[in-house]
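Notes follow the structure.
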Amino acid sequence: MADKLLNWNEVLIGATIKDPGNSKNYETGSWRVEKPIWNPDTCINCMFCWVYCPDSAIKVDEKGNMAGIDYDHCKGCGICVEQCPSKPKSLAMILEANAKNKTEEDLRKELFSK
Amino acid sequence: MGKKVALTGNEAAAHAMRQINPDVIAAFPITPSTPIPQGVAQFIADGKMDTEFVTVESEHSAMSACVGAAAAGGRVMTATSANGLALMWEILYIASGSRLPIVTAIAARALSGPLNIHGDHSDVMGIRDAGWIEIAAENSQETYDGLIQAIKIAENKDVMTPATVFFDGFDISHSIEIWEMEEDKKVKDFIGEYTPLYPLLNTKEPVTHGAWAPPDWYFEHRMNQLEGLLNAKEVVKQVGKEFGKEFGREYGLFEEYKMDDAEYVIVAMGSVCGTTKDAIDSLRAQGVKAGLLKVRLFRPFPYQEIAELLSNAKAVAVLDRVSPAGAQGGPLFTEVRSALYDVNNRPPVVDYTYGLGGRDTQPKHIKSVYEALMQIVNTGKVEKQFDCLNLRGTWG
Ligand code: SF4
Ligand code: SF4
């Protein structure tokens with residue numbers, strides 16, 4: 001978030017933003033209905049999900065490998081799940097309501113152990 | 001002193017663009033403004049200017065390319081008319097909201113339907129709330145002079161707002177008139193170099209243009225934008241004076257023709273002002289104190305100055321080259337009438353729609369307006385607040 005809400009005569013001309021990349025500071029993942037869960041056991045690190053995610057919400061580690069999902073920005077669109085090519089898929093969606101109070105481990109077991 | 005040339009209004013606009021030599025022109029042909037980009041393309045092909053000319057598939061794309069080029073930091077121009085301007089509409093707001101000083105030449109034309117390619121102000125009045133500076137030119141000379149000044153006005157640091165200079169389609173765009181063209185170098189020196197505020201291509205200071213402004217930001221940005229547009233009024237005066245000093249033709253917010261003692265006043269914009277001046281001359285010869293207030297700056301509208309000038313008149317007629325479209329009168333009328341509400345001596349104000357779709361307006365029609373004004377003063381009664389000039393059948 002910007003430090004302070006500015007007055008009309010304080011904002012930058014043309015709504016220009018001089019500190020690029022500040023969208024990182026805005027948490028926009030709160031209105032998600034479904035959330036993707038990642039299974040590292042079957043993931044082949046193809047990074048298709050990273051390429052396709054419209055919100056840059058796929059985390060990448062220093063080696064360039066898939067490192068999980070940034071839930072502060074993920075909108076739950078499910079595109080990553082659709083295009084995941086591993087067999088079985090290494091991503092699955094679950095309703096936020098059904099994921100409540102469950103750990104990542106619980107959710108992985110629930111979704112991927114079949 | 002410039003060189004006297006005999007060229008059309010469109011050629012005047014194309015020559016202004018050649019001398020301004022902007023970084024980018026993106027344009028799509030549409031009657032009656034087509035000869036402008038055509039002329040520019042010829043100048044580029046002949047090596048007389050080195051503007052990057054972007055050919056696009058529509059006016060929506062033309063204005064979009066202009067926005068991109070201006071955000072990148074370029075000096076940018078385009079030209080259009082009528083439905084082409086209407087197709088640009090969405091992007092016009094993005095240009096003004098992003099504070100990109102793009103300058104557009106408009107050969108003003110009727111909007112379809114029915115299909116019509118001739119002159120009126122339907123297009124330029126349709127964009128009057130788009131946040132652009134709107135400058136009306138009476139003839140080719142004012143079109144040429146206006147485009148050169150518009151660059152300086154739009155790029156002024158306190159303004160940074162896109163501008164349009166409009167002139168009547170065919171009446172001016174395709175008529176050959178004698179006007180003065182200044183030397184290339186003098187024009188170049190007059191407009192100076194353009195230093196953009198936050199160019200996208202400056203990788204040392206990366207910026208974002210066109211970001212999302214949620215409800216807690218949008219309002220502030222829109223009012224910040226309005227301030228820039230309003231600042232244009234003083235800058236138009238200042239640049240008009242500088243232009244006069246440099247080239248001998250001074251400009252202001254409006255032109256007063258025989259206004260000093262005028263009792264019967266017409267307020268108008270564009271080429272009809274030439275006809276009106278002619279009518280005034282013959283009426284003055286008969287002792288009628290007729291005058292003309294030719295509005296040059298339509299946006300931002302200089303309402304205080306105009307109200308002050310008109311408060312001395314006995315009766316005022318506004319000429320709108322557009323249908324009132326359900327309002328009390330045309331856009332110029334409603335502006336003028338509203339401005340007069342605040343002055344103590346309010347003359348009666350009537351409105352005329354004229355010249356739609358290229359309909360001819362002759363001195364006799366203008367004289368009939370002055371006669372109606374005289375009758376209003378003589379009888380103390382306004383029979384018709386709105387009427388049409390040279391329309392078949394009686395209106396209202
Ligand atoms: S698309 Fe699937 S397999 Fe590929 S990196 Fe993403 S999660 Fe792993
Ligand atoms: S659900 Fe959509 S937004 Fe979330 S990580 Fe997958 S592709 Fe990105």
Side-chain angles (χ1 to χ4, degrees), chain A residues 1-36 47 49-62 64 67 69-83 93 96, chain B residues 66-73 76 91-102 131-132 154-162 195-232:
Chain A
M1 280 287 184
D3 298 339
K4 156 176 170 309
L5 290 169
L6 302 172
N7 290 345
W8 72 269
N9 51 357
E10 296 168 334
V11 297
L12 202 57
I13 188 168
T16 310
I17 294 174
K18 264 174 65 170
D19 46 342
N22 72 359
S23 58
K24 251 198 209 152
N25 306 332
Y26 289 82
E27 293 186 7
T28 53
S30 58
W31 63 76
R32 191 170 48 228
V33 176
E34 287 183 83
K35 77 194 274 188
M47 301 315 283
C49 52
W50 176 76
V51 171
Y52 279 92
C53 173
D55 248 295
S56 304
I58 301 294
K59 295 200 267 194
V60 188
D61 67 16
E62 5 12 291
I69 289 144
D70 169 7
Y71 290 116
D72 286 342
H73 296 98
C74 164
K75 305 295 181 294
C77 67
I79 289 171
C80 53
V81 176
E82 283 302 312
Q83 58 70 48
M93 300 302 282
E96 280 286 354
Chain B
C66 287
V67 163
V76 181
I91 313 300
L92 296 174
Y93 282 73
I94 295 174
S96 58
S98 306
R99 306 292 291 275
L100 304 170
I102 299 159
W132 282 54
E155 291 174 0
N156 182 289
K157 291 281 172 287
D158 295 330
V159 177
M160 285 301 286
T161 295
T195 324
L197 286 179
Y198 302 109
L200 277 178
L201 290 185
N202 180 2
T203 49
K204 284 190 200 115
E205 270 181 63
V207 291
T208 297
H209 282 285
W212 141 256
D216 55 356
W217 284 101
Y218 182 84
F219 199 168
E220 281 70 25
H221 283 297
R222 294 296 290 194
M223 291 302 107
N224 185 280
Q225 177 193 338
L226 176 62
E227 192 189 35
L229 177 63
L230 295 177
N231 285 343

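Residue numbering restarts at 1 for every chain, and letters A, B, ... go by the order of the sequence lines.
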Residue selection (most heavy-atom pairs with chain A, distance under 4.5 Å) from Leu100(B), Thr161(B), Val207(B):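 It is Val207(B).
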
Most chain A-contacting option - heavy-atom pairs closer than 4.5 Å, from Gln225(B), Met160(B), Met223(B), Arg222(B):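 With the most close heavy-atom pairs to chain A, the winner is Met223(B).
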
Supply the atom-to-atom distance [X] [atom1] to [Y] [atom2], rounded to the nearest 0.5 angstrom.
| X | Y | atom1 | atom2 | value |
| --- | --- | --- | --- | --- |
| Asp158(B) | Leu230(B) | CG | CG | 12.5 Å |
| Trp31(A) | Glu96(A) | CH2 | CD | 13.0 Å |
| Glu34(A) | Arg32(A) | CD | CZ | 11.0 Å |
| Cys53(A) | Ile58(A) | SG | CD1 | 5.0 Å |

Glu205(B), CD: over 12 other non-hydrogen atoms inside 6.0 angstrom: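 For Glu205(B), atom CD is not crowded (no more than 12 foreign heavy atoms under 6.0 Å).
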
Side-chain polar contacts of residues 197-204 of chain B - donor-acceptor pairs under 3.5 angstrom, sequence neighbours left out - could you list them?
unit_1: Asn202(B); atom_1: OD1; unit_2: Lys204(B); atom_2: N; d: 3.1

Part of His209(B) lying under 4.5 Å from any heavy atom of chain A: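 For His209(B), the side chain is the part near chain A, not the backbone.
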
Part of Glu227(B) within contact of chain A (heavy atom distance under 4.5 Å):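 Contact with chain A involves the side chain of Glu227(B) alone.
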
Residue selection (most heavy-atom pairs with chain B, distance under 4.5 Å) from Ile17(A), Leu6(A), Asn7(A):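 Answer, by heavy-atom pair count under 4.5 Å with chain B: Ile17(A).
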
With Val60(A) via side-chain contact (heavy atoms from CB on, under 4.5 Å) - residues at least two apart: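 With sequence neighbours excluded, Val60(A) shows a side-chain contact (heavy atoms from CB on, under 4.5 Å) to Met47(A), Trp50(A), given in chain and number order.
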
Those residues that, when tested against Phe219(B), pass ring pair (Phe, Tyr, Trp, His ring centres under 6.0 Å) (two or more places apart):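 Ring pair (Phe, Tyr, Trp, His ring centres under 6.0 Å) list for Phe219(B), sorted by chain: empty.
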
Residues of residues 72-80 of chain A within contact distance of chain B, non-hydrogen under 4.5 Å: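 Those residues of residues 72-80 of chain A which would need a heavy atom under 4.5 Å from chain B do not exist here.
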
